[in-house]
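Reading through the structure tokens given below for one structure.
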There are 2 protein chains.
Amino acid sequence: MEETNVIETKDGTIAVASAFPGQQEAVRDRDHKFLTRAVEEAYKGVECGHGGPFGAVVVRDDEVVVSCHNMVLNNTDPSAHAEVTAIREACKKLNRIDLSDCEIYASCEPCPMCFGAIQLSRIKRLVYGANAEAAIAIGIDLIDFIADALRGTGFYEKAHLEIIKADGTGAVIAEQVFEKTKEKFFRLLTPSKKKQTDKEIKCWLKKNKHFDLDFQKRLFCYG
Amino acid sequence: MEETNVIETKDGTIAVASAFPGQQEAVRDRDHKFLTRAVEEAYKGVECGHGGPFGAVVVRDDEVVVSCHNMVLNNTDPSAHAEVTAIREACKKLNRIDLSDCEIYASCEPCPMCFGAIQLSRIKRLVYGANAEAAIAIGIDLIDFIADALRGTGFYEKAHLEIIKADGTGAVIAEQVFEKTKEKFFRLLTPSKKKQTDKEIKCWLKKNKHFDLDFQKRLFCYG
């Protein structure tokens, strides 16, 4: 079993571990392809009104097994984050609880629940796009616990899977999801007869930095 | 929002926080009743062949909302731990993703995935019976990461819910689950035409301290 391999490059590309430059590029292109699919899912989820702007794709042997998004609002299920949904669907499709021959691509850094599910399913490799901070930046401030809980605690370090944080284009397209879906997502959470403009939402967010309790609760469908 | 309140008493009773002895006793009795129900679910789950020996009960206003057990094997879903299943079912029943007026009783210490789901559902109070070590003792040694990940990391301390570890009778009945279901549970995981006796299983466990990989994978349905 491999030890954890968290790789973060600063060279503007998705980080991969390989001794061969040609192979590195192939892996990078491959990762980019599947990460893009996860990002597309994130957009799709908000578009459909199913939940937060998060997508996840399970891949086996270069083939997409399942491609899912956050279904929290649609399923009335706080555990239906994109990653958990993808794992559930992949297990159903492959008819087994062991996904050790699979990888997962997530549009955003997984929360502790999702990271736990990834470990339990024995997925061998995780590639994610945006940092949790990108979600926090649009106002999902209740997810602070997620970053705090995972970082510097040994939780990642103890995991027996390879973890890749996308950089460069991969990170950019993943982070853009939040800004680009913000209006639709917030409208989803605050159903109103009056169509709010992006400017109005920005203004509202500025004024309501801590939100009201009810709104916080509804925002708490991160993943 | 209350700060975390982890209470562990050594007086042979379930730990509760109250300034009034009479009230303490009432809360203790109440906790014992619901924890017993969670423990019963743990037995039921193995009896039905649905998954590992773990149960969870969601309670609101002194009423059981749902009573569930590990469904990993039955649903072919590694995320179908008792707690996650209970949260999903409770949300479905109450038709909302916010369980902030509910408590959860778990037969065993929740894993990080389940603890994340508890936080996401905003459950206000968690009472659990056995420590993860009780499960480890019967051979579910892959759950080491669970205890390590949660303890001493600030993950519990940051949680905005009250956490009660049962002691005394509550802990004993919860810990007994593992010893008492071991034979059935192991048979569930190693389907064999030959009925294995408890002695044979003990002998097998002694010889196969680290198990084979395939067996480990199947054992990895803790929660």
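The chains referred to below are lettered A, B, ... by the order of the sequence lines, with proteins before strands, and numbering in each begins at 1.
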Point-to-point distance, once rounded to the nearest 0.5 Å, from CE of M113(B) to CD1 of I118(A): 11.5 Å

message: Between T76(A) and chain B, with a heavy-atom cut-off of 4.5 Å, which part of the residue counts as in contact: side chain, backbone, both or neither?
response: both

field: Test item: P78(A) and I97(B) side chains (from C-beta on) under 4.5 Å apart, heavy atoms
entry: yes

- prompt: Side chain, backbone, both or neither: which part of N95(A) has a non-hydrogen atom closer than 4.5 Å to chain B?
  reply: both

message: To check you understand the geometry: which heavy-atom pair defines the closest contact between R88(A) and S79(B), and what is its length?
response: NE-OG, 2.9 Å

